[in-house]
Amino acid sequence: MANALGTVSFWILSAVIIFSALMVVISRNIVHSILWLVVTFLGTAGIYLMLDALFLAAVQVLVYAGAVCIMVVFGVMLTRRGNIRHSNLFNSRLIIAAPLVGLILSAAAYLTAASTDNVPLSDGKVPADTVGSIGQWLLSSYVIPFETAAILLLVALIGAVFLAREVKTDDRH
Amino acid sequence: MIEFAMHHAWLVPLLPAVAFVIIVFLTRPWPRLSSAVSIAFMLASFVTAALAAYGVFTDPHFKHHPLIYTVRWFGMQGLNIDVGIYLDPSSAMMIFMVSLVALLVQIYSTGYMKGDPGYSVFFSYLSLFAASMLGMVLSSNLLQMFVFWELVGLCSYLLIGFYSFKISAREAAKKAFITTRVADFGLLLGILAVQIIFGTLNFDELTQMAPNFENYTTAGMMTLIAVLLFIGPVGKSGQFPLHVWLPDAMEGPTPVSALIHAATMVVAGVYLVGRNMFLFAEVESALYLVAVTGAFTAFFAATIAVTQREIKRILAYSTVSQLGYMMLALGVGSLTASFFHLWTHAFFKALMFLAAGSVLHALHHKADVWEMGGLIKKMPITGWTFVIGGLAIAGIPPFAGFWSKDEILLAAYQSGHYFLFLLASITAFLTAFYMWRMIFLAFFGEEKPENHPHESPANMTVPLVVLAVLAAVGGLIGTPSTPLWQQWIYYGHPHHIEPNVIIMLSSIALAAAGIGLAYLLYVRDKEKTNAKDLARRFQPVYKLLYNKYYIDEMYQWFTRVVVDGSARITYLFDIYVVDGIVNGSAAITKGLGSVMRYFQTGKVQTYALVFYMAVLVITVVLAFTDASSSVLVMGGAE
Amino acid sequence: MTGISVIHYVLLSAALFSVGLFGALVKRNAISVLICIELMLNAVNINLVAFNRYVTPETFVGQLFSIFVITVAAAEVGVGLAIIIAIFRNRLSVNLDDFNWLKW
C-alpha cells in the first residue's frame, strides 16, 4: 500500500508542480508569478522527500521558497514602473518559441521512453541517516568544492553590491 | 713565376673584382686615385694572365689536358656544383686578350672621361666588367659560366646607361638588358637540360660524355640542347634576330663601346659556343643552324652598315657583321678560324672604336661622318691608326684581319657550304666598302671649316698606337707559313688546311675592289654626286637599309599589337573575370551579411531561441541517425 | 498502475524544464526570465536527485551536486537582480526587448 500511496502522491505533486509552473509563465502580474513560483518550489521539495532527500527538501524550502523568492520580490519592488497588472507580458517570440519548446519536449519524452529498459537500476538501501551522511561527505571528500562554493557566494555578494550600488552623481571622480 | 701564375689563375678575375670593391667602398670620392687603383689592379691581372698564357703556350701537354682547379660550391642530391678555373689554350688566349684590351681601354679612359662627374664610378664598372668577363672565360662549368655571363650582362646595362641623364641611354640600356635576358632564358633552359641529361655541368666531364651521348639521350634531345644553348649567344653576340640592342648600345661612353660592344663582351657568345663545341659538334643540324645564322647576320649587318651615317653606328653594325663571321666559322666546324678572327677582331675593332672616340672627343660629339672631312691632317695619330684598323678589317695583307678572314673563308669553302662561302665573300666586299666609305668621308677629302679638331692627349693616343701595332701584326702568328695558332687552338685534332691561293687572291681582290669603289665614290667624286645619285635611284632599297630593314619597327609593332593586345585581353580578363570573382564573392558575403544581420538583433532572448533551435536540431540528428543514436539514450550503448 | 520509476521523474523534469524554457524565451520582464531560469534549474535538480535515488542509493553524489546547483542558482539570482537593477537605473525599463546592445 505504501507503493500505491507513493504513486498517488507523485502524480499529485507532479500536477501541482506543472500547473504552478505554467501559472508562473502565464500570469500577467509579476507578483502573482512569484507566488506561483513559491508553490512550484514547495512541490519540488515534496518530490525530494519522496526521493529520500531530506536535507535537499529542507534546503529547497529555506533557500528557494524563502530567500530567493523574497529577493526576487525585492527586485520587483526596486524596478517597479507602470501598472503592476501588466508587468509580466509575452513578447512576439511566442509564435516561434511555442512549437520549438513543444518539439524539444517531444524529443526529450521520446528519448526517455526509448531508454526505459536501459537504466541500470540498483536495489541498494538508502542509509538511515541521510542528513548526517551528507554533512560528512561535504566536509571530507567534497570539502574543496564546498569551500569554493563559499568563495563563489562571497564573490557574488560583493559583485551584487557593487553592481546595484547607487551611482553618485556628484563630480568627485 | 710562371708556375705561380698558372696555378693561381683565379687571381686574373679576382684582382679587378677587388679593384671594384675598393673603388666603390673606399676611393670613390677621389677620381684620380680610383683610376689609379683600377689600372694598377688591371695591370696586375694582365701580368698574371700573360704569364699564365705563356705557361700554357710553352707546354704542349696542355693542348689536351687543361689545367683545372675546382672547389665545391654547393652540393645536394644529384646536383654538385663546383667553382673553379679551366685553363686551356683557348681560355689562356682569351684572358690574355681580354685583360690586355681592358687595360688599354682603362688607360684610354683616363683621357676620354676626364672631368666626368661619374669618373670613379665609371672605373669601378670597368673593373667589374673585366672581372666578370675574365671569370666567364675561365669558368670550369656551365653554371659558373652562366653566373658570370649574367654579371657581364649587368655590367653592360650599367655602362650603356652610364649617361643616365639621357633618355636614349636609359632606353638603350634597358633594351640591351631585356633583349639579352630573353636570350639568356634559352641558355638557362639549355643548361638545365644538360644537367638533367648528363648529371654534370663540368666541362671536362662533359667533354668525355658528349661523344657517347647515345648512352644518355637521343639525337633529338641533343639537338634541342645545342639549339637552346645557342639562343644565349644569339642574344649576347648580337646575331640576327636579336642584334637590335647592339647598335643602340653605342649610347654608352665610347671606351665602353670599345671594351664591351666590340672587343670582348659580345664575343662571349662566340666563346660559349666554342667552349661547348663538344656538344655542337655531335649534332650536324645545330652546327648548320649556327653557320646559317652567322653567315646571314654577317651579310645582313654589312648591308645596313653601308648606308649608316653615324660613325659609331657604322662600327656597331660592322661588329655585328664580324660576329656573324665568327659564328659562321664555328658553324662550319672551325674553332681555329673563329677564335683567330675573335683575336684579331678584338684588336682592330677596339682600335677603331677608341679612334672613333678620339674623333668624337675632338669634334665635341658630332657623330655624322658626312659632317667630318680631312681630319687626318689635324689628328694624324688617330687618323693613321684608324686607317690601319680599316686595312685590317677590310682584309688587306699583311694586316691581322686578312689572315683570320681568309681562314674563315677557307673553312667555309672546304666544308662544302658554297652558298655560305659566297655570302661571306660578298660580305667581305661590303665590309671593305663601308669601312673605307667612312674613312674617306671622315679623314680625307676637304676639311669642314666649322670643325676645329685637335689631336687627343697622350693617354688616349698611346693605347691607339699599341692596338694599331697589334692590329697590324697580330695575325702573323697564324699565316700559312707560320701556323702557330692552328697548332694550338683547335677542336678535336689540329686544323690543317691547305692554303688555297685562289681564295686568298680573290679575297684580296674583293677587299681592294671595295676600297676602290669607296675611293671612286667618295674621294675622286668631290661633290659625291654619284653616291647621292645612287641613293636616289635605289631610293626604296636605300631607305630600307638606312632604316635597318625596319627590324626595330617590326619589334615595336609586335610589341604594340601582340604584347599590348594580349595585355589588353588579360586586362579585360582581370577586370571582368578575376575582379568579377573577387567583387562577386564580396557582394555575396555582403548580401548574406545583410540577410544574416536580422538574426543578430542584439536581444538575448532571440539568441537563446536560436541556441535552442540548434540544440533541437543537433539532438534530433544525433538521436535519429543510427550510428550515434545510442549516445543520447539513457544507459549508453552497452 | 505500476510503481513510480526513474522514468516518471525524468519526464516530470523534462516537462518542468520545457515550461521554464518557454517562459525564459517569451517573457518580456527580465525578472520573469530570471524566475523561469530558476524553474529550469529546479528541473535539473529533480533529475539529479532522481538518478541518485534509483541508480546509486547508497551514496549522495547527485544530492551533493544539487546542493552546489542551488548555491550557484542563489548567487546567480543575486547577481542577476543586481544587473537588472543597474540597467533599470540607466534605462528605466526591465523590458528585455528594449535592450538590443548584445551585438557588434
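These values consider heavy atoms only, across backbone and side chains, with no hydrogens, waters or symmetry-generated copies.
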### Task
Could you tell me how the ring of A:Tyr142 sits relative to the ring of C:Phe68: parallel (under 30°), tilted (30 to 60°) or perpendicular (over 60°)?
tilted
### Query
Do the side chains of C:Val77 and A:Tyr64 get nearer than 4.5 Å, heavy atoms only?
no
### Query
Do you know which of C:Ala86, C:Ser18, C:Cys36, C:Gly20 has the most heavy-atom pairs under 4.5 Å to chain A?
C:Ser18
#### Entry: Which portion of C:Ile46 sits near chain A, non-hydrogen atoms under 4.5 angstrom
both
### Query
Between A:Phe162, A:Trp137, A:Phe146, which shows the greatest number of heavy-atom pairs under 4.5 Å with chain C?
A:Trp137
#### Entry: C:Asn45 versus chain A, the contacting section by heavy-atom distance below 4.5 Å
both
### Contacting region of C:Ile67 [heavy-atom separation from chain A under 4.5 Å]
both
### Query
Taking C-beta and beyond as the side chain, do C:Leu12 and A:Ile18 meet within less than 4.5 Å on heavy atoms?
yes
### Task
With the side chain counted from C-beta on, respond yes when C:Asn42 and A:Phe41 share a heavy-atom pair under 4.5 Å apart, and no when they do not.
yes
### Task
Quick one: which of A:Val155, A:Val72, A:Ile96, A:Leu157 has the most heavy-atom pairs under 4.5 Å with chain C, could you say?
A:Val72
### Task
Go through C:Leu21, C:Val94, C:Ile70 and name the one with the most non-hydrogen pairs under 4.5 angstrom from chain A.
C:Ile70
### Summary
Counting heavy-atom pairs under 4.5 angstrom with chain A, the leader among C:Ile83, C:Asn95, C:Thr59, C:Leu92 is C:Leu92
### Query
Which one of A:Ser141, A:Gly159, A:Ala97 has the most heavy-atom pairs closer than 4.5 Å to chain C?
A:Ala97
#### Entry: Ring-ring centroid check C:Phe60 A:Phe55, cutoff 6.0 Å
no
### Query
What part of C:Ile87 gets closer than 4.5 Å to chain A, counting heavy atoms only: side chain, backbone, both or neither?
neither
### Query
Quick one: CG on A:Leu78 to CZ on C:Arg89, what's the gap to the nearest 0.5 Å?
8.0 Å
### Query
Measuring heavy-atom distances to chain A, does C:Val6 have an atom under 4.5 Å in its side chain, in its backbone, in both, or in neither?
side chain
#### Entry: Region of A:Ser14 in contact with chain C, defined by heavy-atom distances below 4.5 Å
both
#### Entry: From C:Gln63 atom CD to A:Ser133 atom OG, the distance as rounded to the nearest 0.5 Å
9.5 Å
### Query
Using non-hydrogen atoms only, which part of C:Leu48 is less than 4.5 Å away from chain A: side chain, backbone, both, or neither?
neither
### Message
Return the OG1 to CG distance between A:Thr44 and C:Leu41, rounded to the nearest 0.5 Å.
### Response
11.5 Å
## Note on the structure
When rounded to the nearest 0.5 Å, the distance separating OG of C:Ser66 from CD of A:Gln60 is 9.5 Å
### Query
Side chain, backbone, both or neither: which part of A:Ser27 has a non-hydrogen atom closer than 4.5 Å to chain C?
backbone
### Summary
The interface call for A:Leu22 against chain C, heavy-atom contacts under 4.5 Å, is both
### Query
Using a cut-off of under 4.5 Å for heavy-atom pairs, which of A:Ala149, A:Ala67, A:Ala150, A:Pro127 has the most such pairs with chain C?
A:Pro127
### Query
Quick one: are A:Leu105 and C:Phe17 in side-chain contact, heavy atoms under 4.5 Å?
no
### Summary
Closest non-hydrogen atoms of C:Leu16 and A:Ala21, given as atom of the first, atom of the second and distance, are CD1-CB, 3.6 Å
### Summary
CG (C:Leu96) and CZ (A:Arg93) are apart, to the nearest 0.5 Å, by 8.0 Å
### Task
Measure the shortest side-chain to side-chain distance between A:Leu51 and C:Asn52 over non-hydrogen atoms and say whether it is less than 4.5 angstrom.
no
### Message
Heavy-atom pairs under 4.5 Å with chain C - which of A:Ile34, A:Leu100, A:Thr130 has more of them than the others?
### Response
A:Thr130
### Query
Which atoms of A:Ile26 come close to chain C, meaning under 4.5 Å heavy atom to heavy atom: side chain ones, backbone ones, both, or neither?
backbone
### A:Val63 versus chain C, the contacting section by heavy-atom distance below 4.5 Å
side chain
### Summary
Taken to the nearest 0.5 Å, the spacing of C:Lys27 NZ from A:Ile30 CD1 works out to 7.5 Å
### Summary
Bottom line for A:Ala108: the part with an atom under 4.5 Å from chain C's heavy atoms is side chain
### Task
Against chain C, label A:Val76 side chain, backbone, both or neither, depending on which of its atoms sit under 4.5 Å from a heavy atom there.
both
### Task
Identify which of C:Thr71, C:Ile85, C:Val19 forms the greatest number of heavy-atom pairs closer than 4.5 Å to chain A.
C:Val19
### Query
Measuring heavy-atom distances to chain C, does A:Ala98 have an atom under 4.5 Å in its side chain, in its backbone, in both, or in neither?
both
### Query
Using a cut-off of under 4.5 Å for heavy-atom pairs, which of A:Val126, A:Val59, A:Val25, A:Leu37 has the most such pairs with chain C?
A:Val25
### Query
How are the rings of A:Phe90 and C:Phe22 set to each other: parallel, tilted or perpendicular (split at 30° and 60°)?
tilted
